[in-house]
Amino acid sequence: MSRYRLVPSPTQALLLRNHCAHARFVWNLAVEQQSWWRPGRTSAPDWAEQCRQLSVARHEHGWLAAGSVVVQQQALRDFAQAMVGFFGGTHRKPTWRKVGRDEGFRIVALRADHVRRLNRHWGQVFVPKAGWVRFRWSRAVPEARSYRVKLDSAGRWHIAFAAVPDPIAGPGTGQEVGVDRGVAVSAALSTGELLTCPRLSIGRQGRLRRLQRKLARAERGSNRRARLKSAIARLRAREADARKDWAEKLSTDLARRFDVIRVEDLRVQHMTRSARGTSEKPGRNVRQKAGLNREILASGWGILARRLEEKAPGRVEKIDPAYTSQRCSACGHVNPKSRESQADFRCTACGFMLHADTNAARNIAAGHAVTARQGLRLGRPVNREPQLAPTRVGR
């Protein structure tokens with residue numbers, strides 16, 4: 001999707017918030033209906049039946065009829081698509097949407113004359129019930145049939161036109177690169193480049209901690225608490241914007257420079273789950289694991305891999321991450337003692353020395369990850385020379 005900054009007037013912002021509330025209300029009603037379904041009962045209403053029920057509800061409730069039927073029907077359509085993803089095993093089950101966190105709606109059947117350019121920096125888009133809303137024309141607007149409007153936690157409006165961009169063509173030189181994602185070094189390339197995802201400055205990090213302490217003492221529902229949450233959200237948004245910009249530029253650069261890009265097959269969502277556990281089985285090292293989770297998420301592991309696959313489809317290969325940091329990229333020997341520290345790698349067999357992350361990136365670029373004898377990717381390291389199979393001697 002192509003995303004732009006939306007700048008509505010105060011009156012238009014109020015109407016957009018109403019659209020968000022209506023979309024959230026209809027979505028939650030669909031979640032409630034689905035929650036009543038049990039095996040043996042009749043199936044939950046499908047999208048067509050829910051649209052008929054929506055028409056009855058709009059006739060009975062004037063505040064709902066005052067909103068856009070397109071916004072409300074598309075919320076039901078999004079829920080139906082989410083349920084298809086859930087039953088297909090690709091997504092989690094849809095849950096409740098919350099005020100202040102899930103603020104957005106979708107408009108379909110967008111006509112070409114509903115988007116127009118005003119000057120070099122500004123454009124307009126037609127939003128039902130709100131009229132023409134200005135947005136920042138930061139780049140060419142693609143031809144799209146729908147768009148989505150969203151309000152983020154920092155109070156900024158965004159509009160995203162649904163259009164699949166053309167993939168980036170490779171250089172055609174056959175060059176390959178391995179990308180090792182880490183915490184101290186966000187992305188290490190097999191070429192020797194060490195890249196770090198931008199973070200908040202030291203001053204802003206201190207301000208964020210002070211605001212979080214004040215928020216913990218603020219009374220719930222007070223104006224002071226709302227102001228503190230808004231200030232924290234603005235700092236978080238600044239950091240997220242910098243992380244996204246870094247991932248976009250790096251993924252574009254890699255897609256243009258290399259024909260084959262190899263990354264580790266990491267399940268970031270599983271790796272960053274909480275270790276808190278339950279009251280019956282409490283977790284261990286919960287605070288340390290929480291700190292590691294924050295660092296992983298701040299390093300942009302997931303967005304970098306996803307954007308690489310979208311910009312270079314068919315040219316991104318995922319490699320088994322097992323023992324890539326313990327394997328010598330020069331001789332292939334596997335030994336955990338070769339990783340002397342976070343940054344230093346010295347092979348215990350041949351004495352080869354290299355930055356540890358660069359060494360791992362070279363293993364990823366080579367496409368093999370685990371064994372010293374170039375065998376199959378086993379679940380444990382194999383540090384021995386190839387041996388002949390034993391011969392069977394008959395009696």
Side-chain angles (χ1 to χ4, degrees), residues 92 101 153 178-188 194-218 228-229 231-233 235-244 246-247 250 263-306 318-327 334-346 348 354-361 363-364 369-370 379-381:
R92 294 183 178 181
R101 185 189 62 188
S153 58
V179 182
D180 177 64
R181 290 167 287 173
V183 173
V185 178
S186 302
L194 302 177
L195 308 172
T196 303
C197 184
R199 308 288 181 90
L200 289 177
S201 64
I202 300 299
R204 289 194 173 97
Q205 290 180 12
R207 182 168 182 264
L208 178 61
R209 288 192 294 270
R210 291 192 296 271
L211 290 173
Q212 289 173 335
R213 295 191 192 102
K214 292 180 180 179
L215 181 66
R217 298 190 296 267
L228 289 171
K229 290 181 66 176
I232 292 174
L235 288 174
R236 294 292 191 189
R238 177 185 290 270
E239 185 178 26
D241 290 345
R243 179 168 58 250
K244 182 179 179 181
W246 174 82
L250 177 58
V263 298
E264 293 175 296
D265 188 10
L266 302 177
R267 297 185 178 183
V268 181
Q269 188 175 15
H270 293 177
M271 295 173 63
T272 55
R273 284 182 177 176
S274 174
R276 186 177 303 173
T278 61
S279 57
E280 293 79 11
K281 294 182 178 181
R284 297 180 299 176
N285 300 326
V286 177
R287 292 180 63 87
Q288 293 85 341
K289 182 62 167 59
L292 177 61
N293 292 349
R294 286 193 297 267
E295 292 299 321
I296 291 175
L297 295 174
S299 298
W301 290 10
I303 186 175
L304 177 59
R306 177 171 57 85
K318 292 189 175 181
I319 305 301
D320 186 353
Y323 309 109
T324 52
S325 62
Q326 301 177 10
R327 185 181 192 275
V334 179
N335 191 344
K337 295 182 179 179
S338 298
R339 185 75 180 261
E340 294 182 345
S341 65
Q342 191 279 326
D344 299 325
F345 182 90
R346 184 195 299 269
T348 57
L354 191 65
H355 192 284
D357 294 330
T358 304
N359 177 76
N363 289 327
I364 296 170
V370 298
R380 53 187 173 82

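The side-chain contact (heavy atoms from CB on, under 4.5 Å) check on A218 picks up R224, R225, L228, with sequence neighbours excluded. Residues satisfying the salt bridge (Lys or Arg N to Asp or Glu O under 4.0 Å) test with D180, not counting sequence neighbours, are none. Taking the salt bridge (Lys or Arg N to Asp or Glu O under 4.0 Å) definition, one finds that R243 meets it with nothing, sequence neighbours left out. Among residues two or more places apart in sequence or in another chain, the side chain to side chain donor-acceptor pair (under 3.5 Å) test is passed with K229 by none. In this structure K214 satisfies the salt bridge (Lys or Arg N to Asp or Glu O under 4.0 Å) test with no other residue, sequence neighbours excluded. Residues forming a side-chain contact (heavy atoms from CB on, under 4.5 Å) with A237 (at least two apart in sequence, or on another chain): A154, R156. Evaluation of the salt bridge (Lys or Arg N to Asp or Glu O under 4.0 Å) rule for R213 yields no partner, not counting sequence neighbours. The side-chain contact (heavy atoms from CB on, under 4.5 Å) check on T196 picks up S186, with sequence neighbours excluded. Annotation: side chain to side chain donor-acceptor pair (under 3.5 Å) contacts of E340 (sequence neighbours excluded): R346. Partners of R306 according to the side-chain contact (heavy atoms from CB on, under 4.5 Å) rule, which considers only residues two or more places apart in sequence or in another chain, are I303, E310.
Atom CG of residue L235 and atom OG of residue S201 lie 9.0 Å apart, to the nearest 0.5 angstrom. Taking NZ of K289 as the start and CD1 of I296 as the end, the distance is 6.5 Å to the nearest 0.5 Å. Atoms CH2 and CZ, on W301 and R181 in that order, are 7.5 Å from each other to the nearest 0.5 Å. Note that CG of L292 is 14.5 Å distant from CZ of R287, once rounded to the nearest 0.5 Å. Remark: E239 CD to L200 CG distance equals 4.0 Å, nearest 0.5 Å. Between N293 atom CG and Q288 atom CD the span is 11.5 Å, to the nearest 0.5 Å.
Counting all heavy atoms, side chain and backbone alike, S153 lies closest to A233 at O-CB, 3.2 Å. Nearest heavy atoms, S341 versus A356: O-CB, 4.5 Å. Residues S299 and W246 come closest through the heavy atom pair O-CZ3, 3.7 Å. The two residues T358 and A188 have their closest heavy-atom pair at N-CB, 4.3 Å. Taking every heavy atom of both residues into account, C197 and A298 meet most closely at SG-O, 3.5 Å.
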Could you walk me through whether Q326 and N335 satisfy the side-chain contact (heavy atoms from CB on, under 4.5 Å) test, starting with their C-alpha distance in whole Å, then the side-chain angles of each, then the deciding distance to 0.1 Å, before giving a yes or no?
CA-CA 6 Å; Q326 301 177 10; N335 191 344; over 6 Å; no

What's the verdict on side-chain contact (heavy atoms from CB on, under 4.5 Å) for T272 and R294, showing C-alpha distance, side-chain angles and the deciding distance?
CA-CA 8 Å; T272 55; R294 286 193 297 267; over 6 Å; no

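In this structure, L215 and I232 have side chains that are in contact, with non-hydrogen atoms separated by less than 4.5 Å. Contact annotation: the side chain of R339 never approaches that of D344 to less than 4.5 Å [non-hydrogen atoms, C-beta and beyond]. For the pair N363/Y323, no side-chain contact is recorded, criterion being any heavy-atom separation below 4.5 Å from C-beta on.
Applying the salt bridge (Lys or Arg N to Asp or Glu O under 4.0 Å) test to residues at least two apart or on different chains, the pairs with a partner in residues 197-211 are R199-E295.
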Got a list of side-chain donor-acceptor pairs under 3.5 Å for residues 263-270, not counting sequence neighbours?
| from | atom 1 | to | atom 2 | distance (Å) |
| --- | --- | --- | --- | --- |
| E264 | OE2 | T324 | OG1 | 3.1 |

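Around atom CZ of R273, more than 12 heavy atoms belonging to other residues, nucleotides or ligands sit under 6.0 Å away.
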